[in-house]
Amino acid sequence: MGEKIVCVVGPTASGKTGLGVALAKRYGGEVVSVDSMQIYRGMAIGTAAPTEEEQQGVPHHMIAIADPRESFSVARFAALATDCIEDILHRGRLPILVGGTGLYLDAIVRGTVFAPGTQDGAVRRDLQERLEREGIAPLLDELSAIDPAAAARLAPADEKRILRALEVYRETGTTITEHNAQTQKIPPRYDASYLGLAFREREEQRRRIALRVSQMAAEGLVDEVRALLASGVPESATALQAIGYKELLPALRGESTVEEGLADITLRSCQYAKRQLTWLRRNPAIHWIFWEKSPDFEEALRLSTEFLTARGVG
RNA sequence: GGGGGAAUUCCCGAGUGGCCAAAGGGGACAGACUGUAAAUCUGCUGUCUACGACUUCGGUGGUUCGAAUCCACCUUCCCCCA
């Protein structure tokens with residue numbers, strides 16, 4: 001087992017930022033954001049990145065460090081975040097990972113080794129072209145021949161993963177099934193204590209999200225999106241795929257209204273929260289704290305401390 | 001006041017006598033997830049004592065072996081003329 005770290009997880013708008021800061025102050029820790037969209041600059045409002053005031057003097061890492069024109073990846077994120085964590089540990093402080101991007105968080109804690117190959121690599125481009133020319137069927141057949149397990153596991157419509165599976169084989173000579181089996185044998189890099197935040201009632205979660213969206217609008221979300229576009233961020237950029245941004249593009253093009261865009265943001269955020277919960281639910285190590293009505297951070301800090309003490313943290 | 005059109009399962013919307021518990025989309029719910037992950041993909045969605053039965057297509061009453069589909073009347077909504 002590696003060194004002890006704390007992870008605060010939960011769906012969007014569940015109060016992770018608040019608890020993360022409270023824990024950091026209580027334990028002398030620093031926050032590492034594990035969020036696929038907060039890494040981009042100029043997206044503070046829509047990604048609900050912690051403001052200076054919310055940070056309360058606690059050092060925060062991995063926020064607004066990338067240009068929104070570039071594309072990040074799990075592997076890149078995990079590498080940078082791991083550097084941050086190591087640095088915090090070397091300084092004798094407690095790393096507190098706060099974030100909603102499940103894949104990223106798991107990759108960091110487990111120390112996942114990703115197979116080579118990137119989105120804009122030659123192999124991927126080649127496969128992409130073949131997909132456009134020939135359709136998915138021949139590619140899936142090819143995968144069946146080299147990695148029947150993966151071919152059986154993946155749905156024919158899951159083009160993204162089929163291409164990736166073929167890519168891994170071409171880049172490494174090893175099937176993705178084999179690669180995954182190998183990486184799963186690697187012991188976790190960190191000894192993580194997980195605290196999960198969630199609303200007891202789904203409806204309460206929805207209300208909370210709707211409230212947050214209207215606050216974002218009041219803080220100038222529309223202008224934020226406009227500014228990104230004005231600075232040359234293409235609509236196809238990963239950053240503009242973020243919820244809160246892509247839904248406002250039609251309104252900015254005059255094809256829809258801001259009101260409709262905001263309603264769409266609320267809807268997509270609720271659906272996203274649901275997916276986050278699906279991801280988190282399969283991690284039995286998470287110590288859940290459920291909000292009955294609205295967040296009660298004092299109580300949450302008490303429960304968290306109790307749990308962390310039992311786990312030997314602090 | 002006259003004329004025309006429409007009412008379908010949570011929503012939108014197909015369906016015009018049997019192959020309809022009813023296409024398709026959305027939403028909801030559940031799940032997956034190893035270099036785009038706030039992304040991508042899958043399943044499921046009338047009820048039940050479930051390889052069968054029962055109740056649904058605005059309401060009531062008819063026609064028919066059989067109706068969401070045909071007829072009559074009623075209710076509501078929309079459009080046109082006045």
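Chain A is the first sequence line, chain B the second, and so forth, proteins listed ahead of strands; every chain is numbered from 1. Computed from a predicted structure; not experimentally measured.
Using C1' as the reference atom, B/A23 and B/U9 are 13 Å apart when rounded to the nearest Å. Only the C1' atoms considered, B/G24 is 25 Å distant from B/C77, to the nearest whole Å. The gap from the C1' atom of B/A14 to that of B/A6 amounts to 15 Å, rounded to the nearest Å. Only the P atoms considered, B/C71 is 15 Å distant from B/U63, to the nearest whole Å. Spacing between B/G27 and B/G43 at atom C1', rounded to whole Å, works out to 16 Å. Taking the C1' atom of each, B/G46 and B/A68 are spaced 15 Å apart, rounded to whole Å. Comparing the C1' positions of B/A28 and B/C11 gives an interatomic distance of 11 Å, to the nearest angstrom. For the P atoms, the distance linking B/U75 with B/G59 amounts to 15 Å, nearest Å.
Legend: residues meeting salt bridge (Lys or Arg N to Asp or Glu O under 4.0 Å) with A/E219, ordered by chain and number and at least two apart, are absent. Under the salt bridge (Lys or Arg N to Asp or Glu O under 4.0 Å) criterion, A/R26 pairs with no residue, sequence neighbours left out.
Within the shown strands, nothing qualifies as a pairing partner of B/A50 under the Watson-Crick or G-U definition with both distances less than 3.5 Å. Base-pair partner of B/G1: B/C81 (Watson-Crick or G-U wobble, both distances under 3.5 Å). The pairing partner recorded for B/U64 is none, the criterion being a Watson-Crick or G-U wobble arrangement whose two distances lie under 3.5 angstrom. Base-pair partner of B/U40: B/A32 (Watson-Crick or G-U wobble, both distances under 3.5 Å). B/G24 is paired with B/C12 under the Watson-Crick or G-U wobble criterion, all donor-acceptor distances under 3.5 Å.
The CG atom of A/L105 sits 15 Å away from the C1' atom of B/A38 (whole-angstrom rounding). Summarising the geometry, the separation between CG on A/L154 and P on B/A32 is reported as 15 Å, rounded to the nearest angstrom. Distance, A/L280 CG to B/G31 C1': 14 Å, rounded to whole Å. Remark: P of B/A28 and CD of A/Q205 are 11 Å apart, rounded to the nearest angstrom. Put simply, CD on A/E260 is 18 Å from P on B/G26, counting in whole angstrom units. Rounding to whole angstrom units, CZ of residue A/R206 and C1' of B/G27 are separated by 12 Å. One interatomic measurement links the two molecules: CD1 of A/I162 to P of B/A32, which rounds to 19 Å at whole-angstrom precision. Residue A/L163 contributes atom CG, which lies 12 Å from atom P of B/C41 at whole-angstrom precision.
Sorted by first then second residue, the ring pair (Phe, Tyr, Trp, His ring centres under 6.0 Å) pairs that include residues 162-190 of chain A, not counting sequence neighbours, number zero. Sorted by first then second residue, the salt bridge (charged side-chain N to carboxylate O under 4.0 Å, His left out) pairs that include residues 230-241 of chain A, not counting sequence neighbours, are A/E235-A/R253. Sorted by first then second residue, the salt bridge (charged side-chain N to carboxylate O under 4.0 Å, His left out) pairs that include residues 99-113 of chain A, not counting sequence neighbours, number zero. Within the structure, ring pair (Phe, Tyr, Trp, His ring centres under 6.0 Å) pairs that include any residue of residues 31-87 of chain A comprise A/F77-A/Y104 (at least two apart or interchain). Identified under the salt bridge (charged side-chain N to carboxylate O under 4.0 Å, His left out) test for residues 32-56 of chain A, with sequence neighbours left out: none. Contacts classified as ring pair (Phe, Tyr, Trp, His ring centres under 6.0 Å) and involving residues 4-28 of chain A (residues at least two apart or in different chains) are not found.
For A/W288 and A/F307, the gap between ring centers reaches or exceeds 6.0 Å.
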Each nucleotide N or O in nucleotides 42-45 of chain B that has a protein N or O under 3.5 Å away: list the pair and distance.
none

Pairs under 3.5 angstrom, nitrogen or oxygen only, protein versus nucleotides 35-37 of chain B, please.
unit_1: B/G35; atom_1: OP1; unit_2: A/R164; atom_2: NE; d: 3.4
unit_1: B/G35; atom_1: OP2; unit_2: A/R164; atom_2: NE; d: 2.9
unit_1: B/G35; atom_1: OP2; unit_2: A/R164; atom_2: NH2; d: 3.0
unit_1: B/G35; atom_1: N7; unit_2: A/A115; atom_2: O; d: 2.3
unit_1: B/U36; atom_1: O4'; unit_2: A/Q119; atom_2: NE2; d: 3.2
unit_1: B/A37; atom_1: OP1; unit_2: A/Y104; atom_2: OH; d: 3.1
unit_1: B/A37; atom_1: OP2; unit_2: A/Y104; atom_2: OH; d: 2.4

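Residues A/Q38 and A/Q271 each lie close to RNA chain B; by heavy-atom proximity, the contact nearer the 5' end of the strand is made by A/Q271.
Salt bridge present: A/E204 and A/K293 bring a charged side-chain N and a carboxylate O closer than 4.0 Å. In this structure, A/R130 pairs ionically with A/E142, as a charged nitrogen and a carboxylate oxygen lie closer than 4.0 Å. Taking the charged nitrogens against the carboxylate oxygens, A/K246 and A/D264 have no contact shorter than 4.0 Å, which rules out a salt bridge.
At the heavy-atom level, A/T47 lies under 4.0 Å from base atoms of the strands shown. Using a 4.0 Å heavy-atom distance criterion, A/R281 is classed as a sugar-phosphate-only contact. Using a 4.0 Å heavy-atom distance criterion, A/D35 is classed as a base contact. Residue-level contact check: A/L267 touches the backbone only, with heavy atoms under 4.0 Å from sugar-phosphate atoms and none from bases.
Within a 6.0 Å sphere centred on CD of A/E298, heavy atoms belonging to other residues, nucleotides or ligands number 12 at most.
Contacts between residues 185-202 of chain A and RNA chain B, defined by a heavy-atom separation below 4.0 Å, involve A/R202, listed by number.
No hydrogens or angles were tested; on distance alone, nothing pairs the side chain of A/K246 with the base of B/A38 as donor and acceptor under 3.5 Å.
At least one side-chain nitrogen or oxygen of A/T278 sits closer than 4.0 Å to the OP1 or OP2 atom of B/G31.
Grouped by direct or indirect side-chain proximity (heavy atoms under 4.5 Å, Ile/Leu/Val/Met/Phe/Trp/Tyr only), A/I176 sits with A/V168.
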